[in-house]
2 protein chains.
Amino acid sequence: MSIEPFNKYTEVPEVVILRLPLYVRVLTKLDEDRETVISSYQLGQLLQMTPAQIRKDLSYFGRFGKQGRGYNVLFLLEELKRILGIDHGWKACLIGAGGLGRAILNYPGFSPEGFEIVSAFDVDEYKNGMLIGSVRVQSMKDLPIIISQHSIKIGIVAVPASQAQNVIDHLIKHGITGILNYAPIAPIVPKTVTIRNVDPVLSLQSMTFYMTERGK
Amino acid sequence: MSIEPFNKYTEVPEVVILRLPLYVRVLTKLDEDRETVISSYQLGQLLQMTPAQIRKDLSYFGRFGKQGRGYNVLFLLEELKRILGIDHGWKACLIGAGGLGRAILNYPGFSPEGFEIVSAFDVDEYKNGMLIGSVRVQSMKDLPIIISQHSIKIGIVAVPASQAQNVIDHLIKHGITGILNYAPIAPIVPKTVTIRNVDPVLSLQSMTFYMTERGK
DNA sequence: AACTGTGAAGGTTTTCACAGCG
DNA sequence: CGCTGTGAAAACCTTCACAGTT
């Protein structure tokens with residue numbers, strides 16, 4: 001029994017985790033450009049952040065730099081990938097093979113980063129068997145077996161808003177622990193599941209605030 | 001001359017602005033469901049937030065509720081739309097008519113929310129004249145005149161990463177003040193311009209942190 | 001009785017500033 | 001000398017708790 005108020009072990013702030021992929025992205029670019037060393041100041045220039053913030057963020061995970069010199073680009077890049085769990089590939093399944101789902105399947109940005117959509121599902125039985133890119137659309141009733149056979153942990157939701165929460169609940173029931181949701185809703189998920197929403201309309205709606213007199 | 005350290009007029013925190021569109025979304029749904037009154041507690045349930053946060057957020061802009069009763073759904077909805085500047089439509093232009101650009105043009109979610117893509121551009125002259133949905137692809141050299149004729153303030157960027165910063169600079173030079181960027185880069189813009197990035201890969205990369213042992 | 005609006009408290013994140021290392 | 005890593009300070013954001021209104 002402690003006299004002081006209970007304070008759980010200081011975790012890494014979520015905002016920090018959200019920034020790590022940005023670091024990965026610029027480091028990847030720097031590596032492609034054959035840069036071998038970079039300082040927190042230079043990283044800050046590229047990302048429009050303060051050098052102190054970058055150093056503090058990295059310090060949550062270890063000591064990756066060299067005083068007087070900076071960070072080794074490739075070393076820091078690989079450390080960050082390991083921390084984020086993207087030093088290996090991830091399989092994902094897609095739910096919803098409409099216009100949006102098709103665009104997601106054809107989006108060339110996922111697989112170079114190690115995210116592979118290995119399977120697609122749609123409630124519409126007419127779409128079953130259709131080939132989109134290299135993926136064949138399957139019936140929703142095959143979802144449990146496919147998820148378990150391929151050990152899929154990520155679900156990408158591209159169904160209409162009205163069905164999205166149901167689909168999300170269904171995915172979670174069958175073992176999905178990460179969801180990338182494209183439906184324009186505010187989904188409710190247990191704390192054991194990580195969800196990210198892709199919602200360009202929300203982005204535009206907060207943008208317009210700053211584009212009106214009111215926002216200045 | 002004050003003794004106290006200078007503190008600029010307390011602005012509304014950006015996180016608050018980012019949440020307002022969420023309130024708009026659930027209020028819209030509630031209105032469609034013929035709900036007329038809602039409390040901060042109920043809103044909190046729907047959005048997985050504390051009632052105090054919702055009340056505090058709203059208090060930055062005025063007093064919209066009634067004690068003992070809650071908020072009038074339609075009234076609050078319209079106030080929030082006015083605050084965000086979405087009580088009227090916004091015109092946007094799209095740059096990049098490749099696979100991604102085509103998906104954006106065909107995405108049915110923008111126009112019901114008042115965002116209309118009135119024009120599309122591509123550097124590839126072979127695409128000029130092509131019709132995508134109801135929009136005809138134009139040459140980049142027509143961009144300045146079209147932006148000015150239609151008073152377009154929003155640019156949607158769907159070009160390859162290598163060209164994105166150039167395109168963004170170009171848009172800004174010709175009067176665009178809001179940018180929705182789909183290219184996987186960390187763009188640099190002046191403080192007079194508001195930018196939002198749509199980047200599902202970054203979302204996935206922060207998600208996997210929490211899906212690994214490390215993230216628990 | 002049921003709720004809002006809000007100062008104040010509490011908690012979190014950013015920035016500062018400098019010791020210490022290469 | 002130039003830079004990192006990091007306690008401490010400052011700034012920022014969330015939650016509490018309750019006076020006040022309907």
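Protein chains get the first letters and strands the later ones, always in sequence-line order, with residue 1 at the start of each.
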Please tabulate, one pair per line, all N/O donor-acceptor pairs under 3.5 Å involving side-chain atoms of residues 171-181 of chain B, not counting sequence neighbours.
residue	atom	partner	partner atom	Å
H174(B)	ND1	H170(B)	O	3.0
N181(B)	OD1	A183(B)	N	2.9
N181(B)	ND2	A183(B)	O	3.0
N181(B)	ND2	N197(B)	OD1	2.8

When rounded to whole Å, the CG to P distance for the pair L43(A) and dG2(D) reads 19 Å

Q.
Between E32(A) and R25(A), does any side-chain N to carboxylate O distance fall below 4.0 Å?
A. no

Atom CD of Q53(B) and atom P of dA17(D) are separated, to the nearest Å, by 17 Å

From CE of M49(A) across to P of dT13(C) the rounded distance in Å is 14 Å

Rounded to whole Å, the OH-P distance (Y60(A) to dT12(C)) equals 11 Å

From CG of L18(B) across to P of dC12(D) the rounded distance in Å is 16 Å

#### Entry: Basic-acidic side-chain contact under 4.0 Å: K153(A), E116(A)
no

Counting primed atoms, P, OP1 and OP2 as sugar-phosphate and everything else as base, the B/S/- map of nucleotides 2-9 of chain C against protein heavy atoms under 4.0 Å is BBBBBBB-

Side-chain heavy atoms of L77(A) within contact of Y23(A), under 4.5 Å:
no

Item to check | Ionic contact status for D57(A) with R19(A), cut-off 4.0 Å | outcome: yes

Show me the donor-acceptor pairs within less than 3.5 Å that the side chains of residues 44-56 of chain B make with the rest of the protein, sequence neighbours left out.
residue	atom	partner	partner atom	Å
Q48(B)	NE2	Q45(B)	O	3.1
T50(B)	OG1	Q53(B)	N	3.2
R55(B)	NH1	S40(B)	OG	3.1

